[in-house]
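The next block holds one structure in the form of structure tokens; read it before the comments.
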Number of protein chains: 2
Amino acid sequence: MVKKIPKPSLARLPKYYQVVTSYLNRKNEKYISSSYLSDCLNIDDSQIRRDLMYIEIGGIPRVGYDAKELRDVLADYLGYFNLNEAILVGVGNLGTALAEYKGFERYGLSIVGLFDSDPEKIGNLVGNLKVDNIENLEQVIKKFNIKIGIITTPARYAQQIAEKMIKANIKAIWNFAPVTLDIDEDIFIQDENLAENFSFISHYLKETEPEKE
Amino acid sequence: MVKKIPKPSLARLPKYYQVVTSYLNRKNEKYISSSYLSDCLNIDDSQIRRDLMYIEIGGIPRVGYDAKELRDVLADYLGYFNLNEAILVGVGNLGTALAEYKGFERYGLSIVGLFDSDPEKIGNLVGNLKVDNIENLEQVIKKFNIKIGIITTPARYAQQIAEKMIKANIKAIWNFAPVTLDIDEDIFIQDENLAENFSFISHYLKETEPEKE
DNA sequence: TAGATTGTTAATCGATTAACAATC
DNA sequence: TAGATTGTTAATCGATTAACAATC
């Protein structure tokens, strides 16, 4: 790790990837400038240039960045070229939505196993995967050397599922359950709390419409 | 707006709410301290006290914060007591998952209308709502004075749906389509880009396992 | 009182933005 | 050359953390 990229910069890279990809699809231009990206994303242009320095792509003064090269460097840096296999626990609505979503493949994510504890669900076909018994979780993770676990269970089961995953040597957890997992090991946790994110909207509306005061 | 709360502070408030809620359920204590919250969430305790100052709740030195009061002040501040009605456009897997998810009610979100353009879907019952024709979107938003629009369509439709919503006077958009909406009006946009967030995991794994170099 | 926790200031840290020299 | 855009430094801004007086 030479110069670690700041989290906010890392968070912007997928946006650059999105813009440069659609730019390549729509236009027939070889180069893309930081000011173009800036206009599309409402991000300061010098910040964009700075972010791009972290991923060590060189632009050409007066011309811009080679669009194809930029796209590929971003994709590589973000790991989109890797095949990341994940298993998912909790085949409710959200779990099903994720399992059936085709868009992840482009980002290097492939969900290869589904688990649930509900006998009604075990054996069902979701996407093109058979829902497996949660009992087999550790075994499957180990057997296929899976690195990523996705948790879409109700909140109260999340902690114990996380612990099982970690025991089986998972490296990263994508947690959709609305709890803060209590983990000591050096595991990467990406929390995705939809209800929590709704708070931003809720608070905004409350602030701008004090009609019920 | 007296002293605007910083975004990072606002983002932490739902976490405090979560912890204090489960604290009240599990323990029989009247007070909760910043150091307790700090331990649960791995957030610096003085930062917690600072955040709580923004929402103007007073603690008692040597004792802590009144837990019930804290919970309620947080809920009020975040708008959880309000009833926020929303309509959702795009009844695919993700849209269905959101429509059927019961957990939003607690946060003041109620999805009251579903729209799609697919004749196969229109008329279907999802959750306990009938999927309506997208043609009726503006009319329904106006009639019921809906403030929140949820977009779960494929990326290419998101911009035009957003524009329709805004024309009908929506105030906030919760956007699950993987595009940056181009909006001039003073509308609150909350982007939720799952594939994008997966990038954090993907990049982490790439960094920690350079086995394929 | 002694001890513990809040409330708040000051110091630190890190990210963003402005500016401009370097460069093709 | 003139003009435009990158690369990078310095200035600014804002958030986090440390410290500690106030307080019950």
Side-chain angles (χ1 to χ4, degrees), chain A residues 1-16 19-20 23 27 29-74 77 180 200 203, chain B residues 1-16 19-20 23 27 29-74 77 180 200 203:
Chain A
M1 243 170 280
V2 197
K3 256 180 293 178
K4 220 173 150 298
I5 187 171
K7 186 104 201 268
S9 296
L10 181 57
R12 283 187 293 267
L13 298 185
K15 297 182 196 296
Y16 303 157
V19 171
V20 72
Y23 181 86
K27 309 203 177 186
E29 311 251 356
K30 191 159 159 46
Y31 297 98
I32 188 169
S33 70
S34 58
S35 61
Y36 179 86
L37 286 158
S38 171
D39 288 344
C40 292
L41 297 166
N42 286 314
I43 294 175
D44 192 272
D45 62 314
S46 64
Q47 180 163 77
I48 289 169
R49 293 197 296 280
R50 190 156 235 248
D51 288 343
L52 296 184
M53 283 174 65
Y54 287 113
I55 62 171
E56 280 165 13
I57 181 172
I60 305 170
R62 193 185 106 83
V63 176
Y65 299 87
D66 184 302
K68 277 197 183 120
E69 190 194 347
L70 178 56
R71 180 196 56 194
D72 292 343
V73 170
L74 283 166
Y77 190 88
T180 302
F200 292 110
H203 175 256
Chain B
M1 243 168 284
V2 195
K3 256 179 292 179
K4 219 173 151 297
I5 188 170
K7 187 106 201 266
S9 296
L10 181 56
R12 284 187 292 268
L13 298 185
K15 297 181 196 298
Y16 304 157
V19 172
V20 72
Y23 181 85
K27 308 202 178 188
E29 310 251 356
K30 191 158 158 49
Y31 297 98
I32 188 169
S33 70
S34 58
S35 61
Y36 179 86
L37 286 158
S38 172
D39 288 343
C40 292
L41 296 167
N42 286 313
I43 293 175
D44 191 273
D45 64 313
S46 64
Q47 180 163 75
I48 289 169
R49 294 198 295 280
R50 188 158 240 248
D51 288 343
L52 296 184
M53 284 173 65
Y54 287 113
I55 63 171
E56 281 167 12
I57 182 172
I60 305 171
R62 192 185 110 80
V63 176
Y65 299 87
D66 183 302
K68 277 199 183 119
E69 190 193 349
L70 178 57
R71 180 195 59 193
D72 292 343
V73 169
L74 282 166
Y77 191 88
T180 303
F200 292 110
H203 175 257

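Worth knowing before you read on, the calculation uses all heavy atoms, side chains too, and leaves out hydrogens, waters and symmetry mates. In what follows, chains are A, B, ... by sequence order, proteins preceding strands, each numbered from 1.
Looking at residues two or more places apart in sequence or on another chain, you find no side chain to side chain donor-acceptor pair (under 3.5 Å) involving B:Ser38. Residues satisfying the side chain to side chain donor-acceptor pair (under 3.5 Å) criterion with A:Arg49, sequence neighbours excluded, are A:Ser34, A:Asp45. Residues passing the ring-ring contact (aromatic ring centres under 6.0 Å, His included) test with B:Tyr23 are B:Tyr36, sequence neighbours excluded. Among residues two or more places apart in sequence or in another chain, the side chain to side chain donor-acceptor pair (under 3.5 Å) test is passed with B:Asp66 by B:Lys30.
Remark: A:Tyr65 is in phosphate contact with D:dG7, judged by side-chain N or O atoms under 4.0 Å from OP1 or OP2.
Rounding to whole angstrom units, CE of residue B:Met53 and C1' of C:dT5 are separated by 14 Å. One can place CG of B:Asp39 at 11 Å from P of C:dT5, the figure rounded to the nearest angstrom. One atom, CG of A:Asp45, and another, P of D:dG7, lie 12 Å apart when rounded to the nearest Å. Residue B:Ile32 contributes atom CD1, which lies 19 Å from atom P of C:dA4 at whole-angstrom precision. A:Ile57 places its CD1 atom 11 Å from the P atom of D:dT6, with the value rounded to the nearest Å. Atom CG in B:Leu52 sits about 15 Å away from atom P in C:dT5, given to the nearest Å.
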### Message
Using a 4.0 Å heavy-atom cut-off to protein, can you give one letter per nucleotide of nucleotides 14-24 of chain C, 5' to 3': B if the base is in contact, S if only the sugar-phosphate is, - if neither?
### Response
-SBBBB---BB

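A cation-pi geometry, defined here as NZ or CZ lying under 6.0 Å from the six-membered ring centre and within 45° of its normal, holds between B:Lys7 and A:Phe200. Annotation: cation-pi pair A:Lys4/A:Tyr54 absent, no NZ/CZ under 6.0 Å from the ring centroid and within 45° of its normal.
The shortest non-hydrogen separation linking A:Leu41 to A:Tyr16 is CD1-CD2, 3.6 Å. Looking at every heavy atom in both residues, A:His203 comes nearest to B:Ile5 through CE1-CG2, 4.5 Å.
Consecutive Watson-Crick or G-U pairs involving DNA chain C, each under 3.5 Å on both distances, make up stems of three or more pairs at C:3-24 with D:3-24.
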